[in-house]
Amino acid sequence: MSENEKALKPEDLTRLFVERANAGDAAGLAALYDEEAVMAYPPGSTTVGREAIRRLWEKVLSNGPRFEPEEPLPTLVFGDIALTSTPPRDGSGARAQVVRRQADGSWLRIIDQPEFRPPTS
């Protein structure tokens, strides 16, 4: 696992994600996820496991996207599990992650839903 800064509270994961994505650091992004994490991306499919998530981010970051910080919504914590979320700046739904406290007190993503779209009628 990368020697990057660890998330000491659940909300740190969003900031660290943006910093690492904008630095083009796919390995650093993957280090924010548990070894067995599940990510609902690309749309309509899932990516399972830290190594698969790293490979996915390598592909995404090869296009040079820029990520802007998004103000997190209040975090819900239940013991060693928390739900974090942010509303995208463009107002197009929401993002949500389930995160788990690790033995060293840091937090990692275990479930990541990077895009929720409002239902259409």
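A quick note: this is a predicted structure, and the numbers were derived from the prediction, not measured.
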Could you tell me which non-hydrogen atom of Pro72 sits nearest to which non-hydrogen atom of Thr86, and how far apart they are? CA-CG2, 3.6 Å

Kindly give the heavy-atom pair with the smallest separation between Arg109 and Asp112, and that separation in Å. NH1-OD2, 3.4 Å

Who are the salt bridge (Lys or Arg N to Asp or Glu O under 4.0 Å) partners of Glu51, not counting sequence neighbours? Arg54, Arg55

Shortest non-hydrogen pair, Ala96 vs Leu83, comes out as CB-CD1, 4.3 Å

Just by modelled atom types, is the Leu108 backbone N or O under 3.5 Å from a matching donor or acceptor in the Asp34 side chain? no

Are Leu29 and Val18 in one and the same hydrophobic cluster, where Ile, Leu, Val, Met, Phe, Trp and Tyr link if side-chain heavy atoms are under 4.5 Å apart? yes

Whether Glu19 and Arg15 form a salt bridge (side-chain N of Lys/Arg under 4.0 Å from carboxylate O of Asp/Glu) is what I want to check. yes

How long is the span from the CD atom in Glu58 to the CD1 atom in Ile53, to the nearest 0.5 Å? 13.0 Å

State the CG-OG1 distance between Leu13 and Thr84, to the nearest 0.5 angstrom. 6.5 Å

Listed pairs under 3.5 Å, donor-acceptor, residues 39-49 side chains, sequence neighbours left out:
residue : atom : partner : partner atom : Å
Ser45   : OG   : Pro42   : O            : 3.0
Thr47   : OG1  : Tyr41   : O            : 2.5

Flag the pair Leu73 / Pro87 as yes when at least one side-chain heavy-atom distance between them is below 4.5 Å, and no otherwise. yes

Set of residues satisfying side chain to side chain contact (heavy atoms under 4.5 Å, CB included) with respect to Asp104, sequence neighbours excluded: Lys6, Gln102, Ser106

So, using side chain to side chain contact (heavy atoms under 4.5 Å, CB included) as the criterion, who are the partners of Ala82 when residues are at least two apart? Pro10, Thr75, Val77, Val99, Trp107

Rounded to the nearest 0.5 angstrom, the CG-CH2 distance for Leu32 and Trp57 is 10.5 Å

Hydrophobic cluster membership, with links at side-chain heavy-atom distances under 4.5 Å among I/L/V/M/F/W/Y: are Leu16 and Leu56 in one? yes

Checking Arg50 side chain against Tyr33 main chain: does a donor-acceptor pair fall under 3.5 Å? yes

Closest non-hydrogen atoms of Leu61 and Ala21, given as atom of the first, atom of the second and distance, are CD2-O, 3.5 Å

Under the salt bridge (Lys or Arg N to Asp or Glu O under 4.0 Å) test, which residues partner Glu70, sequence neighbours left out? Arg95

Under the rule for side-chain hydrogen bond (donor to acceptor under 3.5 Å, both in side chains), what residues qualify as partners of Asp80, not counting sequence neighbours? Arg101

